[in-house]
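Data first, discussion second: the structure below is written as structure tokens.
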Amino acid sequence: MPWFSPDFEALSLPEARALQERLAGLVREEDVDKTVRLVAGVDVAYDGGGGHAHAAVALWDVASGRVIETATASAETHFPYVPGFLAWRELPAVLAAFGRLGGHPDVVLVDGHGRAHPRRCGLACLVGLALDLPTAGCAKSVLVGSFSGLAAERGARLPLVDRGEAIGAVLRTRTGVRPVYVSVGHRITLEGACGVVLRASRFRLPEPLRIAHTTVTSLRAARIRGA
DNA sequence: GCGACAG
DNA sequence: ATCTTGTCGC
């Protein structure tokens with residue numbers, strides 16, 4: 001990850017944008033070469049008025065439907081939240097958490113978008129490029145793009161379109177519940193990404209992401225009181 | 001100018 | 001994301 005710098009705080013908005021435009025060209029859309037047995041989920045939580053970021057990674061076993069490992073890390077945030085630049089704010093804590101993970105996931109699900117981004121380079125793409133692992137974005141709301149007429153049944157799916165381009169998929173993971181927005185992060189296809197998300201979902205969000213979320217929430221609580 | 005805007 | 005209690009419903 002030659003482009004990775006722990007000094008993201010030093011990046012100006014124009015520089016961050018230029019870097020994303022360049023990195024978007026490095027994203028590879030391809031079939032995951034091996035059977036997906038371990039799926040990781042990553043999530044981030046903040047405290048200290050957003051000054052501190054806590055990240056949690058949950059490694060989930062597809063066959064048993066159980067978590068086999070979790071890893072966490074914290075880092076100071078040096079980049080504000082600006083729509084389209086979320087990666088520069090969350091990447092430090094996320095990469096630190098992965099550095100503490102012993103197992104090796106076949107696919108990583110990220111809470112946010114991948115190619116469904118104004119510059120086709122969201123958080124999921126950056127995480128995939130930095131770790132050189134297959135990643136997929138699974139966001140709870142749209143950043144860019146539109147769609148209409150999604151069926152209410154679990155499994156229903158429609159392309160998310162932006163400027164005439166299909167940048168991701170709107171996927172219903174549970175009947176009658178709001179859909180999630182899936183997009184390619186790196187080294188995976190949209191088909192593959194949707195397949196993993198659907199197979200890992202019992203409720204609206206994939207289990208790995210739900211577990212990462214509860215894990216990071218408790219970590220933050222522990223950190224706030226001092227632990 | 002007015003709204004939209006991942007987490 | 002975060003600030004916040006109870007409550008209605010599957």
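Everything numeric here is computed off the predicted structure, so don't read it as measured data. Proteins come first, then strands; the chains are lettered A, B, ... in the order of their sequence lines, and each starts at number 1.
Residue A:H213 contributes atom NE2, which lies 16 Å from atom P of B:dA6 at whole-angstrom precision. Between the CG atom of A:L160 and the P atom of B:dC5 there is a distance of 12 Å, given to the nearest Å. Atom NE2 in A:H113 sits roughly 13 Å away from atom C1' in B:dA4 (whole-Å rounding). Rounding to whole angstrom units, CG of residue A:D43 and P of B:dA6 are separated by 15 Å. In this entry the distance linking CZ of A:R119 with C1' of B:dC5 reads 12 Å, nearest Å. Nucleotide B:dA6 holds its C1' atom 13 Å from the CG atom of A:L209, rounded to whole Å. If you measure from atom CG of A:L109 to atom P of B:dG7, you get 14 Å, rounded to the nearest angstrom. The distance between atom CG of A:L123 and atom P of B:dA6, rounded to the nearest whole Å, is 13 Å.
For A:S141, no side-chain nitrogen or oxygen approaches OP1 or OP2 of B:dC5 to under 4.0 Å. In this structure, A:K140 does not reach the B:dA6 phosphate: none of its side-chain N or O atoms is under 4.0 Å from OP1 or OP2.
If you check the side chains of A:E90 and A:Y46, you find a donor sitting under 3.5 Å from an acceptor.
Of the listed residues (A:D33, A:D31, A:D132), just one forms a side-chain hydrogen bond (donor to acceptor under 3.5 Å, both in side chains) with A:R187, and that residue is A:D132.
The residue A:A116 sits apart from the nucleic acid: no heavy atom pair falls under 4.0 Å. Base contact: A:G84 has a heavy atom under 4.0 Å from a base atom.
Taking every heavy atom of residues 142-155 of chain A and every atom of DNA chain C, no pair lies under 4.0 Å. Near DNA chain B, meaning a heavy atom under 4.0 Å from it, residues 162-199 of chain A has no residue at all.
For A:R119 and A:F85, the positive end sits near the middle of the six-membered ring, less than 6.0 Å away and at most 45° from its axis.
Residue ring and base: A:Y46 does not count as stacked with B:dG7 (centre distance below 5.5 Å and interplanar angle below 30° not both satisfied).
Of the possible donor and acceptor atoms, one in the side chain of A:R89 sits under 3.5 Å from a partner among the backbone N and O of A:F79. Looking at A:R163, its side chain does come within 3.5 Å of a backbone N or O of A:P118 through a donor-acceptor pair.
A:L190 has its side chain out of reach of A:R115: every pair of non-hydrogen atoms, C-beta onward, lies at least 4.5 Å apart. Residues A:V62 and A:R37 form no side-chain contact, since every pair of their non-hydrogen atoms from C-beta on lies 4.5 Å or further apart.
Rounded to the nearest 0.5 angstrom, A:L143 CG and A:S183 OG are separated by 9.5 Å.
Evaluation of the salt bridge (Lys or Arg N to Asp or Glu O under 4.0 Å) test over residues 136-148 of chain A, restricted to residues two or more places apart or in two chains, returns A:D111-A:K140.
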